[in-house]
A.B. asks: 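Before I ask anything, here is the structure I am working with.
Because only heavy atoms are used, hydrogens play no part in the values below, and waters and symmetry mates are left out as well, while side chains stay in.
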Protein chains: 2
Amino acid sequence: MKNLLLAQSGGPTAAINATVAGAVAYALKCDKIDKIYAGRNGIKGIIEGRLVEIGKRLSDEKEMHLLETTPSSALGSCRLKLKDDDKETFEKIVSVFREYNIGYFVYTGGNDSMDTVLKLSRYFEKEGITDIKVMGAPKTIDNDLPETDHTPGFGSAAKYIATSFAEIGRDCDVYDIPAVTVVEVMGRNAGWLTASAALGRVNGTSAPDLIYLPEVAFDIDSFIEDIKAKLNEKPALVVAVSEGIKDKDGKYAAEAYQSGVVDAFGHKYLAGTAKFLTDIIRERIGCKVRAIELNLMQRCAAHIASKTDIEESKALGAAAVERAVNGASGEMTIITRQAGSDYKTAISSVDIALVANEEKVIPRNWINEKGNDVTDECVDYIKPLILGETEPVFENGVPKHFIL
Amino acid sequence: MKNLLLAQSGGPTAAINATVAGAVAYALKCDKIDKIYAGRNGIKGIIEGRLVEIGKRLSDEKEMHLLETTPSSALGSCRLKLKDDDKETFEKIVSVFREYNIGYFVYTGGNDSMDTVLKLSRYFEKEGITDIKVMGAPKTIDNDLPETDHTPGFGSAAKYIATSFAEIGRDCDVYDIPAVTVVEVMGRNAGWLTASAALGRVNGTSAPDLIYLPEVAFDIDSFIEDIKAKLNEKPALVVAVSEGIKDKDGKYAAEAYQSGVVDAFGHKYLAGTAKFLTDIIRERIGCKVRAIELNLMQRCAAHIASKTDIEESKALGAAAVERAVNGASGEMTIITRQAGSDYKTAISSVDIALVANEEKVIPRNWINEKGNDVTDECVDYIKPLILGETEPVFENGVPKHFIL
């Protein structure tokens with residue numbers, strides 16, 4: 001019997017541990033798998049031989065529940081990208097796999113991680129290594145992977161973002177004087193996370209009043225006109241902006257306006273997008289402003305994870321192991337949304353070459369004509385992904401986490 | 001029978017609506033009170049005659065639960081401070097009270113709001129108006145009011161802060177390279193909120209690794225030494241800093257180092273404290289850095305409110321009405337902590353003059369000698385205040401709020 005190796009890489013999410021939990025749960029019941037190992041710090045740790053047996057600890061249901069509700073990558077992460085011609089590294093990986101009798105390797109991550117799966121599986125094929133199966137399980141809050149309807153981690157981040165916009169909206173609504181709060185959301189090229197701010201309005205309130213995405217060229221003058229028009233309707237505005245908004249030449253909006261600005265040490269200084277926009281609003285309109293960055297919290301707030309996201313993540317992890325055990329290699333598990341008004345999904349897998357290094361952005365027809373909001377179609381797409389609440393384990397008033 | 005008037009002012013919290021809910025619940029059962037009015041936008045709206053009857057809507061249990069779990073000030077807020085010699089304004093207030101037959105007025109807020117209660121009750125006393133009772137119910141995330149063991153709103157903010165530090169700690173822990181994340185917490189003069197970051201460690205993890213409070217003079221060189229020493233122990237640090245840290249001359253730390261820096265418009269620019277500190281760490285140590293501001297989320301994240309905080313807030317609101325109906329005026333309701341190892345509290349009230357315009361900071365002996373962490377005594381004081389979770393009403397995956 002062969003052993004299973006699990007590892008994670010890329011930026012953390014609130015759901016990436018659920019994928020590992022799903023893989024472990026399947027493996028524990030599978031009679032073709034002996035031991036279950038975790039590779040620490042992704043492929044980097046595997047190259048260094050840092051493997052830990054985790055099957056025993058996770059056969060305890062409580063530990064498994066803890067893992068599912070723990071944010072970030074419990075196994076550690078890395079940003080290492082394999083080079084095609086780095087034969088030595090590939091050989092090192094094979095020797096570690098042989099040492100630990102690994103027959104199945106499931107790597108959970110985003111674009112770069114799927115590139116690793118692609119390169120490893122191609123190397124194995126080229127070298128005639130057929131007894132080690134390599135599978136990818138998707139993960140990224142950015143929701144920018146192709147082929148899969150959406151990515152695990154996105155739903156939980158979207159739920160935190162929507163909830164925070166609803167709450168910030170209430171906070172900003174208490175004074176009856178003109179004020180603009182600009183909230184910056186992650187996503188350099190794909191605006192999915194910023195679009196999910198629209199879900200803050202789902203229970204009938206107004207925040208966010210405007211939404212700016214990287215998919216549409218950003219124009220400062222139109223932006224100021226949009227703000228002025230909205231301020232004529234109501235005093236307190238909440239505006240969602242992607243960190244990645246760019247002008248028509250593809251230059252980051254914040255960068256285009258800040259050349260020459262230096263920090264206290266004389267270094268080139270680049271304020272965040274929200275900070276930069278509030279500076280402009282103060283300058284041109286003169287009202288009260290506030291800049292907020294949702295920052296790391298949007299990807300690690302597991303205390304308000306989406307149950308739908310967590311359950312799907314587990315299913316994708318389990319399916320990756322199942323496919324590997326059944327002989328598949330060089331594939332990534334995906335979610336397909338069924339036709340019809342009810343939200344129904346199916347799990348399958350695709351050739352990793354279709355996924356690696358591709359990026360999916362919001363279609364233009366899901367953004368309104370003026371480019372300052374999303375359409376109902378976009379909201380309807382995101383809505384089912386944030387449904388349901390998980391049950392974090394609170395101890396001493398604070399969520400308890402699984403620490404490897 | 002007289003009517004009850006409720007209003008809120010100052011910065012919002014996650015618990016200020018619970019205080020109103022508690023006051024309404026008591027009033028609905030009290031046979032000495034007829035109608036229940038809300039004054040919109042605090043004393044400012046009252047002066048403008050903007051009163052709304054809310055008793056009928058809130059006799060529905062579901063609406064009451066919604067109000068309890070809604071963040072920010074559902075009745076609206078203001079920043080207006082009454083002037084002692086502004087006879088016209090006082091007379092306007094009295095005429096509005098007469099028009100609506102108000103016999104009891106409960107004002108929920110922080111320092112400035114208690115000043116309003118003080119001035120109004122003194123004016124009534126001076127003018128021989130004995131049939132309108134004025135009571136204060138405390139509220140401030142800053143926990144800086146004297147006389148009361150702690151303030152409503154603090155426990156919920158502290159729970160969000162502790163949870164976010166625990167989660168950010170997990171997020172920052174995934175890479176094995178030196179990196180410092182500085183997280184800025186609210187509190188200009190009192191460090192209670194920043195101190196509550198220590199509760200992020202309560203389930204056995206390390207974040208925050210260092211804590212800097214406004215109560216101790218901040219020294220850049222010692223700060224850099226502290227960071228260097230910790231980086232020798234572990235790669236990824238999470239540091240909690242108050243927005244209000246000041247140097248030995250009482251100047252805000254960020255200000256002292258940024259004179260001369262201007263923004264893209266040539267205006268004087270002041271980066272946030274966290275941003276400024278990460279600039280210095282990058283300059284002097286050269287490792288990866290990230291600045292995070294918990295910003296408004298720390299005071300409006302009702303989705304992770306403390307049940308203890310919400311229950312106490314309701315009790316303080318109810319007690320304010322009870323005291324007023326029994327003839328008290330010019331007082332604020334307070335929480336007293338009973339002696340003993342179990343957390344037990346009693347609700348009473350004190351003369352508002354003891355509270356208004358006073359500020360309570362962290363005692364020096366609750367901060368460690370080096371001034372870069374809090375003591376166990378401080379943690380033990382905060383711990384019971386963040387216990388328990390509330391039940392926000394989720395609809396479409398997002399908490400639903402009470403909108404007046």
A.B. asks: Give, as side chain, backbone, both or neither, the part of B:Ala14 having an atom under 4.5 angstrom from any heavy atom of chain A.
C.D. replies: neither
A.B. asks: At a 4.5 Å cut-off on heavy atoms, which part of A:Thr13 comes close to chain B: side chain, backbone, both, or neither?
C.D. replies: neither
A.B. asks: What residue, out of A:Thr181, A:Asn295, A:Leu385, has the most heavy-atom pairs lying under 4.5 Å from chain B?
C.D. replies: A:Asn295
A.B. asks: Can you measure from OG (B:Ser73) to OH (A:Tyr175) and round to the nearest 0.5 angstrom?
C.D. replies: 7.0 Å
A.B. asks: Could you check if a side-chain atom of B:Ile403 sits within less than 4.5 angstrom of a side-chain atom of A:Arg170, using non-hydrogen atoms only?
C.D. replies: yes
A.B. asks: Is it true that, when you exclude A:Asp376 itself, more than 12 heavy atoms of the residues, nucleotides or ligands shown sit nearer than 6.0 Å to its CG?
C.D. replies: no
A.B. asks: What part of A:Thr308 lies closer than 4.5 angstrom to a heavy atom of chain B: side chain, backbone, both or neither?
C.D. replies: neither
A.B. asks: Do the non-hydrogen side-chain atoms of B:Pro71 and A:Asp171 ever get within less than 4.5 Å of each other?
C.D. replies: no
A.B. asks: Between A:Lys307 and chain B, which part of the residue has a heavy atom less than 4.5 Å away: side chain, backbone, both or neither?
C.D. replies: neither
A.B. asks: Look at B:Asp176 together with A:Arg40 and state whether they make a salt bridge at an N to O cut-off of under 4.0 Å.
C.D. replies: no
A.B. asks: About how many Å separate OG1 of A:Thr163 and CD1 of B:Ile304, when rounded to the nearest 0.5 Å?
C.D. replies: 11.5 Å
A.B. asks: Evaluate B:Glu293 against A:Ile292 for side chain to side chain contact (heavy atoms under 4.5 Å, CB included), listing each step before the verdict.
C.D. replies: CA-CA 8 Å; B:Glu293 274 186 58; A:Ile292 297 178; over 6 Å; no
A.B. asks: Less than 4.5 Å to any heavy atom of chain B: does that hold for the side chain of A:Ala74, its backbone, both, or neither?
C.D. replies: neither
A.B. asks: Please identify, among B:Thr205, B:Val202, B:Val183, the residue contributing the most non-hydrogen atom pairs under 4.5 Å to chain A.
C.D. replies: B:Val202
A.B. asks: So what's closer than 4.5 Å to chain B heavy atoms on A:Lys400: side chain, backbone, both or neither?
C.D. replies: both
A.B. asks: Using a 3.5 Å distance criterion without hydrogens, assess whether the side chain of B:Asn396 forms a donor-acceptor pair with backbone atoms of A:Leu387.
C.D. replies: no
A.B. asks: Mind checking whether A:His303 and B:His303 have parallel, tilted or perpendicular rings, split at 30° and 60°?
C.D. replies: parallel
A.B. asks: With a 4.5 Å limit on heavy-atom distance, are the side chains of A:Asn203 and B:His401 in contact?
C.D. replies: no
A.B. asks: Name the region of A:Glu389, side chain, backbone, both or neither, that has any atom closer than 4.5 Å to a heavy atom of chain B.
C.D. replies: side chain
A.B. asks: Let me confirm one number: the CD1-CG distance from B:Ile177 to A:Asn41, rounded to the nearest 0.5 Å.
C.D. replies: 10.0 Å
A.B. asks: Please rank B:Lys383, B:Met297, B:Lys159, B:Arg290 by heavy-atom pairs under 4.5 Å with chain A and give me the top one.
C.D. replies: B:Arg290
